[in-house]
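Presented below is the structure to which this report refers.
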Amino acid sequence: MHAIEKILAKAAGKDHVTTGEIVNCKVDLAGINDLYLQTIRSFYEMGGKKVFDPGKIVIFLDHYAPASTIMQADNQKQFREFAWEQGIDKLMDVDQGVCHQVLADKGLVYPGMVLVVTDSHTTTHGAFGAFGTGVGATDLATIMITGHLWFRVPEIVRINLEGELPKGVYAKDIILKVIGTLGADYAVYKAVEFTGPVLKQLSVSERMALCNMTTEMGAKTSYIQPDEITLAYLKDRVKGDYEIFHTDPGYQYAAEHTFDVSDLKPQVAAPHSVDNVHDITEYIGRPVQQAFLGTCTGGRVQDLAVAAQILKGKKVHPRTRFIVVPASKAVFLEAMEKGYIQTLVEAGATFVTPGCAACLGTHQGMLASGETCITASSRNFPGRMGHTKAEIFIGSPAAVAAAALEGKIVDPAKYLD
Ligand SMILES: CC(C)[C@H](C(=O)O)[C@@H](O)C(=O)O
Ligand code: SF4
């Protein structure tokens with residue numbers, strides 16, 4: 001069996017599972033975000049009175065942090081009241097940040113767990129060897145009542161990463177290349193595992209970016225075998241014990257692909273699809289009115305660090321807005337302590353409080369008609385960050401910061417020493 005299958009088998013109380021089988025699994029942690037008030041409505045409609053275990057539920061007020069409309073304010077009020085009433089103490093209010101980063105920061109995610117959140121990017125947590133997946137309101141309400149949810153055991157695809165990452169090339173470039181090559185629907189309901197020597201060159205932050213964007217190829221979940229890098233990250237964060245599962249030798253993947261990253265150039269996903277991926281060199285010189293650094297894909301300390309490195313002692317281009325959103329409060333504090341915030345503010349960045357912000361096009365940095373934005377986030381379809389006639393390029397945090405400096409798309413490598 002694969003490690004993912006062993007996680008599902010254990011959660012289902014079984015010794016063995018096979019691809020395609022439907023299993024009813026015990027969920028270790030269930031998360032709801034502020035776009036999903038319907039979850040609470042469904043909970044009551046389905047006859048729910050008390051949640052199965054208030055300690056295993058977490059509520060995130062992150063997509064509208066803080067609320068930007070009266071409706072959002074009303075919804076968030078109902079979330080808070082639900083949490084207080086049900087004794088849910090993991091209420092991550094508008095000061096905390098994006099759910100996926102908050103889960104990691106607070107040690108709520110660990111290898112071998114089943115984690116279900118009302119958010120498609122829950123695949124991020126494959127970076128820790130967890131089974132993480134996103135669901136809708138009624139599925140989450142089912143967990144709130146029963147503590148369980150059914151899954152179809154997915155086909156598992158292996159993506160083997162060989163070679164050595166060149167300067168100015170990051171996990172973001174790798175995953176863009178993978179999606180551009182295999183297509184945005186390649187992994188629908190499949191699990192995607194990353195293997196190979198490149199993983200040793202990737203921090204937990206980079207691994208999270210890699211797993212996060214498997215969602216953009218339709219993946220149900222993703223996986224990286226926990227190693228010493230994972231364990232060092234988890235050491236002072238996770239309190240309880242956990243089990244690390246290993247794939248049996250000789251396990252047959254549904255498909256295997258190898259990518260050699262040694263000659264990889266920085267990549268961009270050009271408008272208006274995440275699999276419209278090209279070498280950044282094809283777009284050099286394209287003016288950008290906004291550069292956006294943040295989100296559960298590209299708003300971690302390492303991302304702010306590379307931006308600070310590029311912009312130290314320099315100024316953001318006068319015709320470009322540089323919007324920076326730390327992914328979480330912990331990221332914000334660490335980046336502040338390390339001086340990155342000071343550097344970026346002095347360079348002319350506009351800071352937004354931790355949360356999803358303009359990533360999903362509702363507030364805090366929307367695009368006007370005809371504008372071009374380069375973003376470290378994960379989606380670029382029309383209207384995603386504002387006007388449907390705005391153009392969105394997805395790139396690495398370094399590519400975003402270098403574009404903020406020059407007011408146009410450039411190859412970030414030459415700005416790094
Ligand atoms: C709010 C949620 C439904 C959505 C998702 O699941 O991905 C959002 O986070 C996004 O990125 O579009
Ligand atoms: S930061 Fe963007 S991609 Fe991530 S959960 Fe929020 S809206 Fe979705």
Side-chain angles (χ1 to χ4, degrees), residues 30-39 42 58-68 71-72 75-76 79 92 94 96-105 109 115-125 127 132-140 172 175-176 179 184 188 205 208-222 269 272-274 292-300 303-304 323-329 331-332 352-367 373 375-386 392 394 397 400:
I32 315 163
N33 66 41
D34 51 354
L35 272 175
Y36 271 85
L37 189 66
Q38 180 58 40
T39 311
S42 298
V58 47
I59 292 176
F60 303 97
L61 307 184
D62 56 354
H63 283 70
Y64 305 125
S68 54
M71 192 178 95
Q72 292 160 10
N75 288 359
Q76 292 187 347
F79 270 116
M92 307 302 169
V94 293
Q96 291 294 326
V98 187
C99 54
H100 305 301
Q101 190 57 37
V102 173
L103 284 164
D105 292 342
V109 52
L115 168 69
V116 185
V117 185
T118 56
D119 192 276
S120 64
H121 291 102
T122 312
T123 54
T124 305
H125 306 285
T133 198
V135 297
T138 41
D139 281 332
L140 209 290
K172 185 63 169 287
I175 189 65
L176 286 176
I179 298 170
V188 173
S205 168
M208 288 173 79
L210 201 60
C211 291
N212 173 284
M213 281 195 69
T214 61
T215 297
E216 306 311 323
M217 47 199 301
K220 179 77 184 166
T221 195
S222 74
H272 293 283
S273 148
V274 75
F292 183 75
L293 181 65
T295 82
C296 61
T297 315
R300 285 177 258 284
D303 306 325
L304 272 55
I323 313 275
V324 184
V325 197
S328 69
K329 178 189 268 197
V331 167
F332 200 4
V352 170
T353 190
C356 298
C359 177
L360 77 166
T362 48
H363 63 162
Q364 294 168 331
M366 316 258 292
L367 301 173
C373 173
T375 176
S377 60
S378 57
R379 288 179 175 159
N380 64 346
F381 44 77
R384 170 68 179 182
M385 298 180 69
I392 305 169
I394 302 172
V400 168

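Whatever order the structure lists ligands and atoms in, that order sets their numbers, starting from 1.
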Practice task
Using a strict cut-off of under 4.0 Å between a residue heavy atom and any atom of ligand 1, list the qualifying protein residues by chain and number.
Solution key: L35, Y36, H63, D119, S120, H121, R379, R384

Can you confirm whether [X] sits close enough to [Y] that some side-chain heavy atom of one is under 4.5 Å from a side-chain heavy atom of the other?
| X | Y | result |
| --- | --- | --- |
| I323 | V352 | yes |
| S120 | R379 | yes |
| L61 | F79 | yes |
| H272 | N380 | no |
| L176 | I394 | yes |

Handout entry: Distance filter under 4.0 Å to R384 heavy atoms, resulting ligand 2 atoms
Key = 2 (Fe), 3 (S), 7 (S)

Fill in the blank from the handout: With M213 as partner, the option from T123, T124, I179 fulfilling side chain to side chain contact (heavy atoms under 4.5 Å, CB included) is I179

Exercise for the section: First locate atom CD1 of I59, then atom SG of C99, and finally report the distance between them rounded to the nearest 0.5 Å. Expected result: 13.0 Å

Exercise for the section: State the OH-CG distance between Y36 and N75, to the nearest 0.5 angstrom. Expected result: 13.5 Å

Handout entry: Near atom 6 (Fe) of ligand 2 (under 2.8 Å) - protein N, O or S atoms
Key = C356 SG

Completion exercise
Scanning both residues in full, the closest heavy-atom pair of A67 with Q76 reads CB-OE1, 3.7 Å

Handout entry: Shortest non-hydrogen contact between V94 and A65, atoms and distance
Key = O-CB, 3.7 Å

